[in-house]
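In what follows, a single structure is set out as structure tokens and then discussed.
Each chain gets a letter, A, B and so on, in the order its sequence line appears, and its residues count up from 1.
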There are 2 protein chains.
Amino acid sequence: MQKGKRHVSLKDLAQELGVSISTVSRALNNHPDISPDITQKVKKLAVELNYTPNPLAMGLLKQATRMIGVIVPDLVTHFYSSIISGIEAIAEEKGYYILITSSGESLQKEIKAVENLLKTRVEGLIVCLSQETKTFEHFDKLIQNNIPLVFFDRVCRTNEVSTVVVDNVQAAQKITKHFYDSGSRRIAYITGPKYLNISQERAMGYMAGLKKCKLKFYPELLEKCNLSTKDAMKATARLLDLPEPPDAIFGINDTVVFAAMKEIKRRGLRIPEDVALVGFTDDFHSTVVDPALTSVTHPTFEIGKEAARLFFKSIENQEKETEQIVLKTKLVVRNSSVKRS
Amino acid sequence: MQKGKRHVSLKDLAQELGVSISTVSRALNNHPDISPDITQKVKKLAVELNYTPNPLAMGLLKQATRMIGVIVPDLVTHFYSSIISGIEAIAEEKGYYILITSSGESLQKEIKAVENLLKTRVEGLIVCLSQETKTFEHFDKLIQNNIPLVFFDRVCRTNEVSTVVVDNVQAAQKITKHFYDSGSRRIAYITGPKYLNISQERAMGYMAGLKKCKLKFYPELLEKCNLSTKDAMKATARLLDLPEPPDAIFGINDTVVFAAMKEIKRRGLRIPEDVALVGFTDDFHSTVVDPALTSVTHPTFEIGKEAARLFFKSIENQEKETEQIVLKTKLVVRNSSVKRS
DNA sequence: AAGGTTTGCGCAAAGGTTTGCGCAAAGAAA
DNA sequence: TTTCTTTGCGCAAACCTTTGCGCAAACCTT
């Protein structure tokens with residue numbers, strides 16, 4: 001072994017033991033052709049010299065890098081970072097590494113991210129679409145070449161690609177019914193970009209919930225925004241400026257709901273007495289605000305874990321079989337939604 | 001090119017053009033030995049066939065993987081995820097990829113993370129220590145082998161390793177003085193594990209601030225907790241149970257401050273009239289709570305960027321020179337700290 | 001025309017690991 | 001003793017890219 005060399009190679013072990021490189025390799029891999037005596041000596045020396053195989057060499061030969069590319073709309077939102085935690089947990093169990101890239105909610109950046117990650121020879125991708133993503137050709141290369149691909153939360157091509165989502169229809173329906181049961185009668189929903197699966201499904205759940213409670217659907221109570229705090233505050237303002245403003249609002253994600261909360265408070269309105277509020281928000285952030293937010297929580301860690309499991313299923317199972325996993329959300333009632341009767 | 005092969009190689013280009021592999025390589029790298037005619041043909045075909053060089057082969061040959069290992073105490077805290085964003089931004093500019101691992105605030109997991117990342121042949125590490133980390137031998141291999149290593153926020157070995165931190169002394173001193181100027185007289189500080197540099201430095205700043213305001217230091221007003229919500233609530237309870245409770249509290253990080261806020265509210269005390277509050281918290285989370293939190297914000301994105309810049313400096317500059325970057329924090333006064341006079 | 005220089009390529013080695021195949025030695029069977 | 005089978009290794013090729021060196025052809029100079 002050369003002085004100053006950072007890593008021990010098979011060659012170093014072979015030279016020290018006076019055997020060939022292939023013998024060392026076979027011994028470390030418990031090959032039956034190698035005697036127990038040589039095997040034991042090789043393994044002992046490998047431990048002493050702290051040998052670790054070079055993944056670059058193995059990846060080059062076997063065309064398998066043990067790396068997964070993960071693309072999320074942004075890195076700083078708790079929702080995504082806790083999903084990544086779940087992905088990482090399963091990847092680590094399988095001896096894989098994840099390469100994380102953020103699309104910054106931009107289609108162009110997402111396209112670039114896909115390209116760059118393929119360049120690194122990741123074995124596949126786990127992706128949540130950006131809010132701008134309406135076209136999906138950038139995933140064609142993966143689909144055509146049978147490169148493992150899994151979408152989570154915001155998904156597309158569900159007939160060709162495995163996905164993990166929550167039951168958005170049911171969640172929005174539950175919220176709407178909870179509002180009704182808690183005394184609200186003019187229920188508004190602030191949705192996101194209309195081509196996102198989650199926007200559509202939550203709108204469907206909202207309307208199903210209205211129907212179930214025998215409430216009429218008013219189009220002006222279904223507002224849209226682009227998932228930024230600023231735009232969400234504007235959407236809330238439009239709702240509160242209506243001749244007959246809503247007495248309950250739920251929003252598509254936590255950024256939107258916190259923005260709505262700010263606008264409601266800014267106007268001196270009381271939550272929930274004047275306007276009840278529910279959000280899709282994690283437990284920590286729901287309890288940090290005042291009043292504590294009634295929220296629908298995603299099992300984010302589970303989403304990440306299931307996405308990773310689907311990924312490994314795709315690797316271990318060369319068939320083009322796809323699977324759609326739908327996880328349940330949970331409505332946790334706190335202080336923001338129940339009006340005093 | 002073989003059917004079903006996912007990536008085009010130099011060999012494929014060479015065969016199609018009837019030249020050698022080395023000619024293709026040289027043409028793509030604008031080598032003067034290759035004629036402009038051949039160079040143009042090679043480049044054109046490379047674009048047509050979407051050739052991308054195999055980073056595994058290059059990494060194997062040049063012993064440079066273009067990958068940086070990043071270890072953070074956890075992935076879901078906004079502080080870390082936004083620092084990672086800054087690291088990623090600079091890495092991307094340099095054509096590098098980051099491999100992120102979380103230590104889960106555990107020394108054992110941190111040790112494992114260092115090992116695992118070195119196994120992948122990352123070119124170096126950018127690390128924030130876990131709260132359990134009191135011993136640093138697991139970084140010796142990097143230091144001895146001149147493998148690039150940068151610490152941020154929670155740091156150690158500052159004579160041997162480059163670091164990026166904020167001016168913790170000055171920040172805590174500023175908070176203490178701000179409390180005094182805003183009407184508070186019994187100022188408490190909830191610190192973290194005492195061997196962390198940030199715990200020590202913020203305690204020093206707290207005491208320097210007391211001295212500056214001619215306030216006496218009371219040991220019972222310097223509480224300690226272990227950075228979990230539960231423990232922080234207990235620490236707050238101990239402070240509020242004192243015969244003479246504090247009329248102002250600041251905490252080591254946002255988890256601690258949010259927990260303190262919860263405990264204060266739980267007791268029906270008013271913020272800031274009964275107990276003023278200041279935290280080390282980002283802008284978004286400070287404005288989401290009620291009352292909006294006076295906070296010291298870290299320039300997290302900048303921390304990430306500077307850490308990455310130090311990393312690349314270490315790569316480009318083989319000297320064992322280290323550098324300590326100290327960034328300024330900013331005290332943003334909102335509604336949680338100023339008592340009515 | 002002969003000798004020297006420049007140009008423009010191809011061969012082969014290097015990095016590290018895995019694995020098919022061949023070979024020699026040892027052991028077993030006829 | 002001879003032949004067959006098994007054991008336990010080493011050689012070399014494969015994966016992909018880069019780069020030193022050599023060689024042949026073309027061009028320039030004497």
Show every donor-acceptor pair shorter than 3.5 Å between a side-chain atom in residues 106-114 of chain A and any protein atom, with sequence neighbours excluded, or say none if there are none.
residue: A/S106; atom: OG; partner: A/Q108; partner atom: N; Å: 3.3
residue: A/S106; atom: OG; partner: A/K109; partner atom: N; Å: 3.0
residue: A/E110; atom: OE1; partner: A/S130; partner atom: N; Å: 2.7
residue: A/E110; atom: OE1; partner: A/T133; partner atom: OG1; Å: 3.2
residue: A/E110; atom: OE2; partner: A/T133; partner atom: OG1; Å: 3.0
residue: A/E110; atom: OE2; partner: A/H138; partner atom: NE2; Å: 2.8
residue: A/K112; atom: NZ; partner: A/E115; partner atom: OE1; Å: 3.4

(request) Under the side chain to side chain donor-acceptor pair (under 3.5 Å) rule, collect the residues that match up with A/S103, sequence neighbours excluded. (result) none
(request) Verify the contact: side-chain N or O of B/N54 to OP1 or OP2 of D/dC15, cut-off strictly under 4.0 Å; return yes or no. (result) no
(message) Taking the side chain as everything from C-beta on, heavy atoms only, tell me whether B/E306 gets closer than 4.5 Å to B/V326.
(response) no
(message) Using the rule side-chain contact (heavy atoms from CB on, under 4.5 Å), only one of A/R154, A/E132, A/K134 pairs with A/L196; which is it?
(response) A/R154
(message) What is the distance, to the nearest angstrom, from the CG atom on A/L13 to the P atom on D/dG10?
(response) 14 Å
(request) Starting from C1' on C/dG15, measure out to CG on B/L56 and report it in whole angstrom. (result) 13 Å
(request) State, yes or no, whether a side-chain contact exists between B/D12 and B/E16 at a heavy-atom distance under 4.5 Å. (result) no
(request) Give a yes/no on whether any side-chain N or O of B/Y51 is located under 4.0 angstrom from OP1 or OP2 of D/dT17. (result) yes
(message) Please give me every residue in residues 57-66 of chain B whose heavy atoms get under 4.0 Å of an atom in DNA chain C, ordered by residue number.
(response) B/A57, B/L60, B/L61, B/Q63
(request) Identify, residue by residue, the members of residues 38-46 of chain B with a heavy atom below 4.0 Å from DNA chain D, and return them in order of residue number, or none. (result) none
(message) Between P on D/dC21 and NE2 on B/H31, what's the gap in Å once rounded to a whole number?
(response) 12 Å
(message) Side-chain N or O of B/S35 versus OP1/OP2 of C/dC9: is the shortest distance under 4.0 Å?
(response) yes
Tabulate protein N/O versus nucleotide N/O from nucleotides 11-13 of chain C, keeping only pairs under 3.5 Å, one per line.
residue: C/dC11; atom: N4; partner: B/S22; partner atom: OG; Å: 2.8

(message) Could you work out, with ring pair (Phe, Tyr, Trp, His ring centres under 6.0 Å) as the rule, every residue matching B/Y80, not counting sequence neighbours?
(response) none
(message) Checking contacts here: which listed nucleotide (C/dC9, D/dT17, D/dG10) is nearest the side-chain heavy atoms of B/L10?
(response) D/dT17
(message) Listing request: all salt bridge (Lys or Arg N to Asp or Glu O under 4.0 Å) pairs with a residue in residues 75-102 of chain A, at least two apart in sequence or in separate chains.
(response) A/K94-A/E316
(request) Report the distance from atom CG of B/D33 to atom OG1 of B/T39, rounding to the nearest 0.5 Å. (result) 10.0 Å
(message) Could you report the tightest heavy-atom contact between A/L45 and A/L17, atom names first, then the distance?
(response) CD2-CG, 3.7 Å
(request) Check A/I21 against A/A14 and note the closest heavy-atom contact, atom names and distance. (result) N-CB, 3.8 Å
(message) Testing the basics here: between B/K119 and A/Y97, what is the closest heavy-atom pair and its distance to 0.1 Å?
(response) CB-OH, 4.5 Å
(message) Which residues pass the side chain to side chain contact (heavy atoms under 4.5 Å, CB included) test with A/K305, not counting sequence neighbours?
(response) A/I90, A/F301, A/E302, A/R309
(request) Remember a base hit wins even if backbone is also touched, and classify B/V19 as base, sugar-phosphate or nothing at under 4.0 Å, heavy atoms. (result) sugar-phosphate
(request) Give DNA chain D the dot-bracket treatment, 5' to 3': Watson-Crick (N1-N3 with N6-O4 or O6-N4) or G-U (N1-O2, O6-N3) under 3.5 Å, [ ] crossing, | other strand. (result) ||||||||||||||||||||||||||||||
(request) Heavy atoms only: give me the nearest A/F311-A/P148 pair and the separation to one decimal. (result) CE1-CB, 3.6 Å
Can you name the atoms? Protein N/O to nucleotides 5-7 of chain C N/O, anything below 3.5 Å, with the distance.
none

(message) From CG of A/L17 over to C1' of D/dG10, roughly how many Å is that when rounded to an integer?
(response) 15 Å
(message) Taking side chain to side chain contact (heavy atoms under 4.5 Å, CB included) as the definition, give me every residue that meets it alongside A/R157, ordered by chain and number, with sequence neighbours left out.
(response) A/F136, A/D140, A/I143, A/E160, A/V161
(message) For A/V155, is there any backbone N or O sitting under 3.5 Å from a side-chain donor or acceptor partner on A/N197?
(response) yes
(message) In whole Å, I'd like the distance from the CG atom of A/D12 to the C1' atom of C/dG15.
(response) 12 Å
(message) From CD1 of B/I21 over to C1' of C/dA14, roughly how many Å is that when rounded to an integer?
(response) 14 Å
(message) Run the side chain to side chain contact (heavy atoms under 4.5 Å, CB included) test against B/E323 and tell me which residues pass, sequence neighbours left out.
(response) B/S162, B/L310, B/K313, B/I325
